[in-house]
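To start, the structure itself, in structure tokens.
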Amino acid sequence: QVQLVESGGGLVQAGGSLKLSCAASGRTFSSSAMGWFRQAPGKEREFVAAISWDGGHTYYANSMEGRFTISRDNAKNTVYLQMNSLKPEDTAVYYCAASLLPRMEEDEYDYWGQGTQVTVSS
């Protein structure tokens, strides 16, 4: 069992940066792959990034690669999403999730946080 709590969302101007955190509790975090997803108003939830259990492999959606960086600190039971050069279209609720393997499909993830709102103003 893994419980996930996101933080770090907020309001930022276009071109700015935010760093999201996802704090995990439970014994299996360090052996879990982690992912970030987002859901904009009126749209389906979409994959953002994923990271393997040891941080050795990372994956990004095409539109985020080069702007977003996923990382993790297993000693702190925390996964991060550094978001740079933010655009208004990045406005969404951002969710972290835990899985056995770092996948792009949300159905592969077993545990989800409650989400944190990111709003990018133009």
Side-chain angles (χ1 to χ4, degrees):
Q1 189 87 9
V2 178
Q3 292 81 42
L4 305 171
V5 179
E6 301 95 336
S7 61
L11 175 64
V12 64
Q13 288 188 333
S17 298
L18 279 176
K19 187 173 185 177
L20 306 183
S21 299
C22 174
S25 60
R27 295 179 295 173
T28 60
F29 173 80
S30 61
S31 62
S32 298
M34 299 296 296
W36 285 96
F37 291 77
R38 71 183 187 184
Q39 188 167 21
K43 296 187 176 181
E44 294 186 352
R45 190 155 55 186
E46 64 174 344
F47 171 77
V48 173
I51 188 167
S52 59
W53 69 272
D54 61 350
H57 299 278
T58 57
Y59 307 88
Y60 298 92
N62 288 341
S63 61
M64 290 77 162
E65 192 156 15
R67 299 191 299 126
F68 291 8
T69 303
I70 189 171
S71 61
R72 67 189 296 162
D73 185 339
N74 285 349
K76 295 182 178 180
N77 277 13
T78 302
V79 63
Y80 304 97
L81 184 68
Q82 176 68 48
M83 305 186 294
N84 299 327
S85 302
L86 283 163
K87 306 174 182 179
E89 51 263 43
D90 294 318
T91 295
V93 177
Y94 284 72
Y95 300 89
C96 68
S99 176
L100 180 63
L101 295 171
R103 302 294 194 191
M104 297 175 60
E105 299 79 14
E106 61 177 281
D107 290 348
E108 298 287 341
Y109 288 80
D110 303 307
Y111 303 102
W112 291 82
Q114 84 290 348
T116 186
Q117 176 71 47
V118 172
T119 303
V120 184
S121 63
S122 57

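Here, residue 1 is the first one in the sequence, and each next residue gets the next number.
Taking each heavy atom of Ala14 and Pro88 in turn, the nearest pair found is CB-CD, 4.1 Å. Residues Ala33 and Arg72 come closest through the heavy atom pair CA-NH1, 4.0 Å. Nearest heavy-atom pair, Ser32 versus Thr28, reported as atom, atom and distance to 0.1 Å: OG-O, 2.7 Å. Listed here is the closest heavy atom pair of Glu6 and Gly113: OE2-CA, 3.2 Å. Here the shortest heavy-atom pairing between Gly9 and Thr116 reads N-OG1, 3.2 Å.
Applying the side chain to side chain contact (heavy atoms under 4.5 Å, CB included) criterion to Ser121, with sequence neighbours excluded, gives Leu11, Gln13. Residues satisfying the side chain to side chain contact (heavy atoms under 4.5 Å, CB included) test with Ser52, not counting sequence neighbours, are Asp54, His57, Pro102.
In this structure, CZ in Phe47 is found 10.5 Å from OG in Ser63, a value given to the nearest 0.5 Å. One distance of note links OG of Ser99 with CD of Glu106; it measures 12.0 Å at 0.5 Å rounding. The distance from the CG atom of Asp73 to the OG atom of Ser30 is 11.5 Å, given to the nearest 0.5 Å. Here NZ of Lys19 is found 11.5 Å from OG of Ser17. Values are rounded to the nearest 0.5 Å. With rounding to the nearest 0.5 angstrom, the OH atom of Tyr80 is 7.0 Å from the OG atom of Ser71. Of the inter-residue distances, the one linking Glu44 atom CD with Gln39 atom CD reads 8.5 Å to the nearest 0.5 angstrom.
Taking a 4.5 Å side-chain heavy-atom cut-off between Ile, Leu, Val, Met, Phe, Trp and Tyr, the cluster of Tyr60 extends to Val2, Leu4, Val12, Leu18, Leu20, Phe29, Met34, Trp36, Val48, Ile51, Met64, Phe68, Ile70, Val79, Leu81, Met83, Leu86, Tyr94, Tyr111, Val118, Val120.
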Verify side-chain contact (heavy atoms from CB on, under 4.5 Å) between Val5 and Gln3, making sure each step is shown before the conclusion. CA-CA 7 Å; Val5 179; Gln3 292 81 42; 5.8 Å; no

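Thr69 places no side-chain N or O within donor-acceptor distance of the main-chain N or O of Gln82, the cut-off being under 3.5 Å.
The number of heavy-atom neighbours closer than 6.0 Å to CD of Gln114, taken from other residues, nucleotides and ligands shown, is above 12.
If you chain together hydrophobic residues whose side chains sit under 4.5 Å apart, Trp112 and Tyr59 fall into the same group.
Ring centroid separation for the pair Tyr109 and Phe37 comes in under the 6.0 Å cut-off.
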